[in-house]
Amino acid sequence: MEPRFAGMTFFATSHAGDVCGTNGLPLTPNSITIYGRSQILRTFSHPNLCTYLDIIRGKHERTMIVSEFHAQTLALLQEPLPLLGIVKLCHQTLTALSYINSHDIVHRCLAPDNIMINAKGNVKLFNYGLYYMTGKGSDVSFPIGNPRYMAPEVFLVDSQIASGPKVDVWSLGIILTEQALGVEQLWPELKLAQLMRKVLSLINCNSDTSVFSRIAREHSCWSKYESLPQSLVHLINSCLQLNPLDRPTPKELLEFPIFKEYSFDEYSLAERPDTLVETTHHLNSLPLQELYYLWRLAGGDVQSELKKQGLIRTMPPILSVPRLVLLEGSVLGKRRDQTSLLDLKIIPLSLESLRNRLAPVPVSAYYPLITTKSDVLNDAEECDAADLPLIIRERDTEYQFRRVVLFRRLLEGYPHTKSAIVREARKDIPPLYRGRVWAALLEVEGDIEAHYRETDKETPTHTDRQIEVDIPRCHQYDELLSSRDGHRKFKRVLKAWVERNPQYVYWQGLDSLCAPFIYLNFNNEAMAFACLSAFIPKYLHRFFLKDNSAVIREYLAKFTHVIAFHDPDLSNHLQEIGFIPELFAIPWFLTMFSHVFPLPKILHLWDQLLLGDASFPLYVGLAILQQHRDTLLSSGFNECILLFSDLPEVDIERCLSDSVAFYCCTPRSTTFRQHERCPSKAGLKNKPCHPDLEMSAQTVAELQAESCPRISGADLLDLLDSSKFPRPKVMVIDIRSPELYNVGSAPGSINIPHSRFDLTQEIPQLPSCPEVNILLQNRGKILVVAGQGDSPCAIQIAQIFLRNGLPKVCVLHRGIDVLQLANLLTKPTAI
Amino acid sequence: MTPTSEKSVERKFIFEFSNVTSDDKYHFEIPVHIPFVGNIQELAQRLITLFKVPVYIEKDLEADLKSFVDQETLHFLDNIALDSIKRGQNGEVDVEDIIKKFERLYKDETAEYAAPRGSTDEELFATVYHKLVHSPALEAMLQVEHSYSIHVNEMTTHRDDELDALTERQGKEMSHLVSGIGEFSTEAEVNSLAARHCEDQNMIQAKINSQIDSLQETQRREYREWLMKLLEEQAEEASSVTPPTPSPTHIVRLITNEASSKEKKKGSNELETEVPSNPSMEESFTIHLGSQMKQMHNIRIMSADVLHLCKTHLSSKGGKHMQPQRLQTALALYSNDLCGLVLLTDGLISSFSGTTKEFINVCQQSTEFHFPPIDDQLEKIREGVKETASWRQEHWSAENLLISGQQWRRASCSGALRTGDVYVTRHSNLNEVHVVFHMVIDDSLRSSDINSRHPAILGLRNVLKMACSNDVTTLTVPLLLAHHMTEEMTVAWCAKRAELVLKCVKGFMIEMASWGGSELKNLQFVVPEGISDEVFVSLAAMLPSVFRVSNPLVFKASSTPITPKSN
């Protein structure tokens with residue numbers, strides 16, 4: 001396979017000494033600014049532009065660019081183009097230029113070696129982002145542009161002022177001149193200074209002699225010049241107008257009659273040499289971004305590749321150590337490392353290793369959605385890596401290949417493929433498409449761009465100050481989020497959210513919440529905003545109220561219940577030392593862990609979180625505690641505070657599998673919260689049941705007073721359904737008096753009347769009786785304490801169970817009476 | 001007349017629209033900065049909201065606004081360009097200047113136009129050495145280096161012995177003469193004797209020093225030639241290396257024979273006893289820095305003489321055994337993991353006193369095969385300092401820093417360095433150090449109340465920054481900003497100073513993460529040797545409280561729970 005993309009590299013200037021930004025914080029390194037700024041280039045898609053694939057930041061302000069690549073360039077063509085070729089070259093270059101102009105980008109280094117020609121003989125502009133990504137040259141020390149093709153005003157205008165789109169038109173004019181006159185290169189014998197003198201001398205052309213004719217005469221091509229068709233001469237003359245006001249823009253040039261005069265669509269700029277013709281490999285059917293993604297997984301490393309090809313050479317650092325550093329931070333006697341000069345060599349990156357890696361993959365894998373019922377084609381074969389840990393699956397080339405191909409096709413079908421996306425996301429989400437998959441999981445639909453556009457993000461508000469203070473402290477280890485563009489996007493999305501949610505206020509933590517979405521949708525603010533807007537009601541409903549204490553306290557009370565339900569020992573210990581969730585878990589839940597984990601972990605965590613409902617985060621919290629269970633159990637209050645003051649190391653994958661396990665074995669009603677957003681009507685698939693069987697709101701004080709969660713009658717009925725659970729998962733402990741119990745109780749229940757418990761004891765003991773033994777034998781089942789109505793005894797007895805280390809204890813909401821509604825009370829059989 | 005100097009202009013955008021039902025014309029106008037930064041569509045939306053205009057004009061407004069901004073931007077840029085071209089035509093600007101400027105730019109910054117430049121000797125030797133040191137030749141090389149340094153060491157020992165003997169003899173002579181003043185000698189005689197003694201001292205010293213110099217010169221040349229030959233041999237056969245016997249033995253023998261065997265024994269004894277002077281107390285930690293993304297660093301605190309890190313310890317018998325650190329230092333010399341040391345010094349590079357003098361002695365214990373000798377390096381720096389004086393003249397902004405005007409003037413007049421300035425020397429022959437950061441300090445550091453804006457602290461920040469941008473990944477810092485214990489260094493003083501330095505260094509390290517250089521992997525804090533055990537223990541205890549000690553996630557592998565250490 002031919003290389004499809006190539007790498008190049010340059011250095012940004014490093015900030016001298018101690019300079020601070022206007023906010024008093026140290027300046028962002030230029031390479032990060034470049035990194036953030038250049039992201040947008042990756043979204044450009046135009047038939048005549050080489051796609052930007054990646055921007056990589058190396059050590060010491062090095063920046064590496066990966067871009068689509070074609071081996072053939074205009075500079076490498078052996079013969080000058082014929083007239084038709086010139087017109088096609090001009091037209092395609094102009095469409096590409098006017099496309100980048102519409103994004104406020106100027107090429108500035110347009111030259112024959114930056115005009116690539118693809119296999120079909122079409123123009124592919126290369127390196128068009130250099131001027132833009134370097135902040136119009138201000139972030140780098142080298143000059144941008146090839147002096148031979150540079151417009152005279154580029155030399156003359158103060159370098160502080162940006163070049164406009166017309167400088168490219170001049171460059172194109174020079175390129176066309178070379179082609180039209182059949183000269184390989186203008187002024188080939190001139191040295192650098194002479195060359196620039198020559199270009200600058202053109203400004204002294206009289207108004208009656210055009211630049212083009214003067215060049216033609218200088219190169220003694222007058223006869224050739226005379227033979228050119230008038231329309232071409234007119235075109236080139238227009239390009240080479242000295243006065244920028246007279247020089248048309250690329251867009252205007254496209255309207256020139258010459259492009260209607262000739263039909264050049266069929267013409268190919270470069271005859272493809274026969275040797276290059278090979279059967280198209282299936283890999284070539286993948287989008288370039290996927291190809292590059294897989295190439296990297298297959299061991300492709302741009303930096304080492306550039307090193308191997310000699311583009312990145314490094315001098316041993318000890319040879320360039322400076323001699324003197326003054327207090328003010330200025331460095332003297334540092335030797336300029338010759339290897340840091342700009343070298344715009346392009347290094348094609350070979351696809352061979354990727355091809356070899358994916359050679360065993362059958363063709364059918366490229367079309368995963370085609371389901372065959374054929375016996376001959378066995379398509380269901382899974383990749384070996386499917387059972388490996390997530391971290392490994394994310395690095396496995398073949399596995400990712402299958403996932404990426406599958407998800408691309410599913411996403412193309414969104415929203416119709418929503419259920420399939422959810423199903424596949426349960427396995428894992430390929431990092432390449434995570435942003436879009438998340439959006440699908442959050443059910444982001446509709447014209448989000450228009451919605452975002454209409455939202456005012458500019459008008460100053462009183463939250464601006466806080467936002468501006470928070471952003472430079474939010475996940476700043478990440479290059480994207482710490483870049484200037486990252487900060488700008490942060491601010492806009494946050495402001496938009498505040499603007500769109502007048503019922504809420506900006507609470508610190510919203511910035512962290514926003515970070516994963518901005519990170520994943522860096523080039524699509526509207527999408528980041530839409531995802532954030534969908535995420536908050538789903539998981540953090542009412543958390544951002546001006547007075548959110550009731551919501552948060554309810555949440556934490558439920559968290560306490562969840563701990564008690566699954567881990568009584570830990571719960572008892574934490575209760576005893578007074579290490580309550582209010583002391584450590586607020587940032588966990590307010591930011592859905594995005595404040596306490598680094599981004600790579602958040603991404604994996606949220607992959608799972610987005611598949612769960614609003615109660616899932618509670619189990620994540622529990623799983624985190626579980627990982628530090630031993631430490632917590634052996635620590636006192638102070639050690640615990642210290643341990644959790646900065647969240648210690650957590651194994652996310654294990655944490656998630658634990659949370660899912662907890663989630664699956666917990667009745668949903670035990671985590672009922674009144675402040676949770678009511679699920680939409682359509683979501684309820686079960687038949688509505690009697691309101692008494694459902695949970696109802698409790699006050700925070702009530703919740704905090706109870707140690708164990710309550711279970712709803714509906715959930716209990718569900719658990720008692722022997723057709724669903726042949727081996728009962730639940731045991732009801734009826735604490736009413738034996739008389740009432742014998743009249744009728746829940747199936748399989750045992751009766752321990754509350755009178756048998758000594759509630760006055762400080763450390764309550766379980767009474768000794770055969771029922772308690774049965775209870776202890778059934779340890780591990782969900783133990784539902786049921787009393788007469790909402791009797792306080794049930795709550796106390798549940799607490800006694802908890803204190804005695806019994807797991808999965810809960811209290812039946814509204815007592816045993818609710819079961820009557822379902823006519824489920826049976827006469828107990830004798831034990 | 002034209003806005004060439006201005007980077008942007010303000011233009012008025014006027015929009016007119018009519019009501020659907022009546023013929024009434026409405027219009028509004030807003031100022032727009034050209035070149036426009038932002039999103040035109042969003043601006044249009046805001047205008048609709050701001051002026052409460054009907055939404056049906058949305059499309060028209062957007063289109064109008066867009067063409068207005070495009071036109072104005074183009075116009076703005078064209079006018080600037082036109083203006084500059086006109087000035088070029090009129091000769092208002094010197095075209096030659098511009099050409100020169102661009103020519104310099106292209107030649108200095110781009111590989112295409114830069115003057116072709118081969119590798120320097122230094123780079124070439126670096127490549128050769130790095131290649132060989134990572135080959136089977138390593139052992140032979142180190143042994144050669146080792147035996148070379150033994151020779152130099154013998155010479156310096158000999159020199160010191162000679163001088164000692166001379167001083168003793170002269171002392172006797174002098175006291176004899178002095179005691180006889182008035183009897184058999186005069187003051188004039190004493191004076192002339194003193195002068196003669198001084199001359200003798202200087203002569204002997206100069207004589208032997210020049211011998212040492214020439215020995216080092218020879219060694220250096222021979223060593224480099226040998227390495228080149230070695231590389232050729234390796235390239236030829238790529239097989240086993242036969243270390244050629246280094247030849248300069250005859251020079252050394254000549255001198256060692258002169259020295260009496262008794263003294264030689266004494267000298268070697270001294271060398272032997274020096275070896276076990278390892279840091280008396282030390283403690284290591286692994287720490288995590290950063291709030292979400294944690295970066296791991298190793299931190300060590302030890303009580304030792306800083307020069308201990310520099311001295312190579314020779315055992316003269318057989319010359320076969322070298323310290324393992326030397327191996328490490330040699331392997332890493334041209335790598336991206338350098339070791340650095342902060343050495344405190346005074347502003348006068350020429351003064352040969354205190355730690356700097358001792359340091360220079362240590363450097364001269366053996367031959368520097370890679371970099372210029374320490375004297376030459378310091379000479380270069382002295383030249384550089386002259387530049388700084390003029391640089392400082394131009395940059396008065398330094399006044400903002402907390403430096404008294406008096407000191408400022410003194411420093412800028414004498415051209416000396418100021419507190420917080422750092423000069424850097426490079427070494428290949430030291431024990432555990434490649435780069436030495438000499439930081440200038442003054443007496444103000446003796447005070448107990450210095451704050452984080454003290455020049456020495458800022459100097460530390462510069463050192464860390466330099467370390468970061470020059471791949472120094474192991475750095476040793478004097479924790480108390482002092483190399484020796486003095487009277488005023490009470491327990492409280494030490495605790496206060498250590499806390500300041502630790503906290504500041506921590507801050508700098510967090511800051512470093514964003515500088516985009518290399519990570520500081522190992523950070524060592526050294527405290528003076530004579531520190532009491534209690535103080536050391538309290539300082540060591542301070543480390544985990546200032547830095548966050550990593551809290552490993554421990555999974556139970558067996559039934560016995562393993563709890564992470566929590567100190």
Side-chain angles (χ1 to χ4, degrees), chain A residues 26 29 31 59-61 141-143 152-153 155-157 160-161 164 192-193 196-197 200 203-204 242-245 249 315-319 321-330 332-333 338 341-343 453-454 456 458 475 477 482 597-598 627 630-631 634 639 643 646 648-651, chain B residues 41-42 45-46 74 77-78 80-82 84-85 88-89 95 98-99 102-103 105-106 109-111 113-114 117 122-123 126 290 292-293 334 336 338 380-381 384 387-388 398 418 420-424 426 434-435 455 458-459 462 466 469-471 511 516-518 548 551 553 561 563-564 566:
Chain A
S31 59
K59 260 203 318 189
H60 304 312
E61 298 296 275
S141 55
F142 52 83
E153 70 261 24
F155 294 103
L156 294 166
V157 170
Q160 298 279 306
I161 288 172
L192 176 63
M196 291 191 285
R197 203 166 288 132
L200 281 170
I203 61 171
N204 295 321
L242 275 173
N243 182 348
L245 290 170
T249 63
M315 191 157 83
I318 193 153
L319 295 182
V321 171
R323 271 202 303 274
L324 202 58
V325 179
L326 298 188
L327 181 58
E328 298 86 341
S330 62
L332 301 172
Q338 288 293 311
L341 298 184
L342 173 74
D343 189 348
R453 197 160 57 225
E454 286 159 20
D456 181 8
E458 305 288 325
H475 292 284
Y477 53 85
S482 64
F597 286 126
Q627 288 200 8
D630 292 337
T631 321
S634 62
E639 290 86 14
L643 177 69
D646 186 15
E649 198 63 25
V650 171
D651 177 343
Chain B
Q41 288 175 319
E42 282 180 9
Q45 292 295 338
R46 284 178 58 211
L74 218 51
L77 293 172
D78 286 352
I80 291 174
L82 180 64
S84 65
I85 286 179
Q89 283 168 339
V95 174
I98 288 174
I99 290 171
F102 271 87
E103 191 185 11
L105 215 50
Y106 275 105
E109 299 289 346
T110 63
Y113 293 103
R117 193 196 67 117
E122 214 177 18
E123 281 169 77
Q292 284 127 352
M293 190 63 100
Y334 291 113
N336 292 54
L338 297 174
K380 266 269 167 59
I381 289 161
E387 285 174 46
T388 67
R418 250 172 25 199
D421 288 344
V422 178
Y423 60 91
V424 189
R426 303 174 287 159
H434 301 118
V435 181
L458 298 178
N462 288 337
M466 245 190 301
S469 51
N470 290 288
D471 291 333
E511 208 185 332
S518 46
R548 170 155 285 272
N551 221 322
L553 177 62
T563 43
S566 55

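Quick note on labels: first sequence line is chain A, next is B, and so on, each numbered from 1. Source: prediction; values computed, not measured.
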Visitor: What's the separation between atom NE2 in A/H60 and atom CG in B/D471, rounded to the nearest 0.5 Å?
Guide: 3.5 Å
Visitor: Using non-hydrogen atoms and a 4.5 Å limit, figure out which bit of A/S141 sits close to chain B: side chain, backbone, both or neither.
Guide: both
Visitor: Measuring only between side-chain heavy atoms, which start at C-beta, is B/I85 closer than 4.5 Å to A/N243?
Guide: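 They are not in side-chain contact.
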Visitor: Specify the closest pair of heavy atoms between A/F155 and B/I98, including all atoms of both residues, with the distance to one decimal.
Guide: O-CG2, 3.5 Å
Visitor: Between B/N336 and A/P317, is there a donor-acceptor pair closer than 3.5 Å when you use the side chain of the first and the backbone of the second?
Guide: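 The answer is no, because no donor-acceptor pair under 3.5 Å joins these two groups.
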Visitor: First locate atom CZ of B/R46, then atom CD of A/E458, and finally report the distance between them rounded to the nearest 0.5 Å.
Guide: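 B/R46 CZ to A/E458 CD: 5.0 Å, rounded to 0.5 Å.
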Visitor: Output the distance between atom CG (B/D421) and atom CG (A/L327), rounded to the nearest 0.5 Å.
Guide: 6.0 Å
Visitor: To the nearest 0.5 Å, what is the distance between CG on A/L324 and NZ on B/K380?
Guide: 13.5 Å
Visitor: Please round to the nearest 0.5 Å and tell me the distance separating atom CD of B/E122 and atom CG of A/L319.
Guide: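 Those atoms lie 4.5 Å apart.
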Visitor: Can you tell me which portion of B/Q45 sits under 4.5 Å from chain A's heavy atoms? Options are side chain, backbone, both or neither.
Guide: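 Side chain of B/Q45 only, per the 4.5 Å heavy-atom cut-off to chain A.
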Visitor: Tell me, for B/M293 versus chain A, whether the close heavy atoms (under 4.5 Å) come from the side chain, the backbone, both or neither.
Guide: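 Contact with chain A involves both backbone and side-chain atoms of B/M293.
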Visitor: With side chains defined as the heavy atoms from C-beta onward, is the minimum distance between B/T110 and A/P143 less than 4.5 Å?
Guide: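 With C-beta onward as the side chain, the pair touches.
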Visitor: Calculate, to the nearest 0.5 Å, the distance between atoms OH and CG belonging to B/Y106 and A/L342 respectively.
Guide: 9.5 Å
Visitor: Please report the closest heavy-atom contact between A/G164 and B/L77, naming both atoms and the distance.
Guide: CA-CD1, 3.4 Å
Visitor: Only pairs of heavy atoms separated by less than 4.5 Å count here; which of B/G459, B/A126, B/G420 has the most with chain A?
Guide: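 So the answer, after comparing B/G459, B/A126, B/G420, is B/G420.
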Visitor: In terms of heavy-atom proximity below 4.5 Å to chain A, should B/I99 be classed as side chain, backbone, both, or neither?
Guide: both
Visitor: Are any non-hydrogen side-chain atoms of A/I203 and B/Q89 less than 4.5 angstrom apart?
Guide: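 SC-SC contact between A/I203 and B/Q89 confirmed.
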Visitor: Check each atom of A/Y477 against the heavy atoms of chain B and say whether the ones under 4.5 Å are side chain, backbone, both or neither.
Guide: side chain
Visitor: Find the one option among A/N204, A/L156, A/L245, A/L326 whose heavy-atom pairs under 4.5 Å with chain B are most numerous.
Guide: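 Result: the option with the highest number of such pairs is A/L326.
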Visitor: At a heavy-atom separation under 4.5 Å, does B/Y113 approach chain A through its side chain, its backbone, both, or neither?
Guide: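 When you check distances to chain A, only side chain atoms of B/Y113 fall under 4.5 Å.
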Visitor: Could you look at A/L200 and say if it's the side chain, the backbone, both or neither that has a heavy atom under 4.5 Å from chain B?
Guide: side chain
Visitor: Highest number of heavy-atom pairs under 4.5 Å with chain B: which of A/T249, A/V157, A/D343?
Guide: A/V157
Visitor: Can you tell which of A/E454, A/R197, A/E153, A/M315 has the highest number of heavy-atom pairs within less than 4.5 Å of chain B?
Guide: A/R197
Visitor: Determine the option with the most heavy-atom pairs under 4.5 angstrom with chain B, choosing from A/S31, A/P322, A/P29.
Guide: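 Highest number of pairs under 4.5 Å: A/P322.
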